[in-house]
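Worksheet: one structure, shown below.
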Amino acid sequence: MTKDSGAKPRGRIEPPTLVAIREAAALLRAGDIVGMPTETVYGLAADALNPAAVNKIFAAKGRPADHPLIVHLPSADHLPRWAAAIPKDALALARAFWPGPLTLILKRAPEVPDEVTGGQDTVGLRVPSHSIALAMLLVFGSGIAAPSANRFGRISPTTAAHVREELGERVAMVVDGGPCAVGIESTILDFSRDVPEILRPGAITPEAIARVIGRRPRVRGEAAGGGRADAHSADAAHAPRVSGALAAHYAPRTPLRLVQSGLLAAEAAALAGEGSRVAVLAHGLPDPRDSRLIWQAMPADPAAYAQELYASLRTADMLDADFILVEALPDGPAWRAIADRLGRAAVGSGASPAG
Ligand code: TXA
Ligand code: MG
C-alpha cells in the first residue's frame, strides 16, 4: 500500500527478464514477498531463512501460522543444508524427479526456522523445473519458502494474473512465467517416518515412485490394499499438518458438485429449469447444447485436464453461476491427483472458505 515517491507500485506483474529476476531476488533479500512461477502452480516466495519474511507469507495468505511451507532449492546439492538426514531412497527420487513436481519431507536441519516448519521436526523440500523459478533460485542462491500464491483455502493460481487477483498489493511483484505446465501442486512424499507415504497426490504417481525405489509408497487416505479408505480419517491425529490434506480446500466460492456422466445433462437441465445459472465442466459438449447452461469442454488427456483445471474453476466461479457441475473423472492412476483436488473443491465450495 505504501508508495515512496518514484517507487514502483506493489503487486505489479513483470515479464521474466533478467532485470526482473534480479529485482525479485533483491526484494527477497530485503525480506519482501514476491509471486514466483513454478511448473505446478504459482508460489508466494520469501527468503526461507528470514522468519520475518516468512511471517509475511502467512499474513498475505491468511493461513494459520502452524502450517509448514515448502522450501524450494536451486538444486539437490543444497539438500544437506536443509535436511538432517537424507535416506538413500529419497536421494534416488531427487535424482530421478528433480527438477520437478515432487516434494520430499525430511528431518529438518537445525538452521531451518520454526516459521517454515510449523514447529515440526521435518521440512518439505523441492527443486522446481520452471526455468524462471530456477533462475530466481540461482540468482537468490538459497532456499525460497513458497506456498501456493492463493488466499488460504482458495483455488491455486496458475497464471500471474491469478496471483494478482488473489493477493494484489500484498506481494511486491509477480514474475510472469506464463501459464503453469502441470497445473496442480507437487506430489508430497513423507520420508520422515517408518515407510514413505504420499501425503498429497500429484503428477508424480505412486507407480512412478515405485519404479525408482522398488516399492510402492503408502498413500494417505488409501486402504492398505490400494482402495480408498474412509476419506482423510484414519491416522489424521498423528499426521503432520498438511493444509492440502484438509477435506475442504482448493475451493471455488460457487457450490461445486461432481456428477456421473450419464446424469450430467439431465441434472444440469433440471437446475437450469428451476432458474439456476449453471456452469458445467464436462469431457465434451452435448449436442444439441442447452443455451441456459455454460459448458466448458475439458481435455480427455489427464495431464492437459490438470493443466486447465484451476483456471477453469476460476472462470466458472467468475460467471456468477449458482452451481458448478463437474463431470465425474475416469478411473486410473493419472486421474487420482485431479480427483483429489476436485473432491476437496466440492467440500470447500460455497459461501464459507476453509479455515
Ligand atoms: O507444487 C507445489 O508444491 C506448490 C509450488 C508453489 O511449489 N506449493 C504448494 O505449497 O503447494 P502449499 O504450501 O500450498 O502446500 C504445501 C503443502 C501444505 O499442505 C503443507 O502443509 C505441506 O505441504 N507441508 C509443507 N511442509 C511440510 C512438512 N514438513 N510436513 C508435512 N507437510 C508439509
Ligand atoms: Mg496451497
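Atoms within each ligand, like the ligands themselves, are counted from 1 in listed order. Atom set for the values below is all heavy atoms of this structure, side chains included, hydrogens, waters and symmetry mates excluded.
- Proximity of Arg108 to ligand 1 is not established, as no heavy-atom distance is less than 4.0 Å.
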Inset, instruction - Give the intermediate values and the outcome of side-chain contact (heavy atoms from CB on, under 4.5 Å) for residues Val259 and Val280. - result: CA-CA 10 Å; Val259 183; Val280 188; over 6 Å; no
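- Gln260 CD: 12 or fewer foreign heavy atoms inside a 6.0 Å radius.
- Looking at Ser186 next to ligand 1, an N or O pair under 3.5 Å apart turns up.
- Between Tyr310 and His162, the ring center distance fails the sub-6.0 Å criterion.
- To the nearest 0.5 Å, atoms CD (Glu308) and CD1 (Ile338) are separated by 10.5 Å.
- In terms of polar-atom proximity, defined here as any N/O pair under 3.5 Å, Arg200 does make such a contact with ligand 1.
- The shell of residues lying under 4.0 angstrom from ligand 1, judged by heavy atoms, includes Ile188.
- Every N/O-N/O distance between Thr38 and ligand 1 stays at or above 3.5 Å.
- In terms of N/O distances under 3.5 Å, ligand 1 is not approached by Lys61.
- Each of the following atoms of ligand 1 lies closer than 4.0 Å to a heavy atom of His72: 5 (C), 6 (C), 7 (O).
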Inset, instruction - Evaluate the salt bridge (charged side-chain N to carboxylate O under 4.0 Å, His left out) criterion for residues Asp114 and Arg108: first the C-alpha distance (whole Å), next the side-chain angles of each, then the deciding distance (0.1 Å), finally the verdict. - result: CA-CA 10 Å; Asp114 281 340; Arg108 72 193 262 193; 2.9 Å; yes
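- Atom OG of residue Ser186 and atom NE2 of residue His72 lie 7.0 Å apart, to the nearest 0.5 angstrom.
- More than 12 heavy atoms of other residues, nucleotides or ligands shown are found within 6.0 angstrom of CZ on Arg215.
- Contact annotation for Thr117 and ligand 1: no heavy atom of the residue comes within less than 4.0 Å of the ligand.
- For the pair Thr40 and ligand 1, the shortest N or O to N or O distance falls below 3.5 Å.
- Using a 4.0 Å heavy-atom cutoff, Ala146 is listed among the residues neighbouring ligand 1.
- Under 4.0 Å from ligand 1, heavy atoms of Glu185 appear from its side chain as well as its backbone.
- Under the 4.5 Å side-chain criterion, counting only non-hydrogen atoms from C-beta, Asp176 is not in contact with Pro15.
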Inset, instruction - Begin with the C-alpha distance, continue with both residues' side-chain angles, and end with the deciding distance and a verdict on side chain to side chain donor-acceptor pair (under 3.5 Å) for Thr38 and Arg126. - result: CA-CA 11 Å; Thr38 84; Arg126 89 175 185 100; 3.1 Å; yes
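- Atoms of ligand 1 found under 4.0 Å from any heavy atom of Val123, numbered from 1 in the order shown, are 29 (N).
- By the neighbour-count criterion of 12 heavy atoms within 6.0 Å, atom CG of Asp331 is sparsely surrounded, having that number or fewer from other residues, nucleotides or ligands.
- Residue Tyr250: no N/O/S atom is found under 2.8 Å from the Mg ion (ligand 2).
- For Met36, the closest heavy-atom approach to ligand 1 does not fall below 4.0 Å.
- Polar contact with ligand 1: present for Ser148 (N/O pair, distance under 3.5 Å).
- Close approach of ligand 1 to Arg63 is summarised as follows: ligand atoms under 4.0 Å from at least one heavy atom of the residue are 13 (O), 18 (C), 20 (C), 21 (O).
- When non-hydrogen atoms are compared, ligand 1 lies under 4.0 Å from the backbone of Thr122 as well as from its side chain.
- The CG atom of Asp317 sits 3.5 Å away from the OG1 atom of Thr254 when rounded to the nearest 0.5 Å.
- Per-residue contacts place Gly124 under 4.0 angstrom from the following atoms of ligand 1 (heavy atoms of the residue considered): 26 (N), 29 (N).
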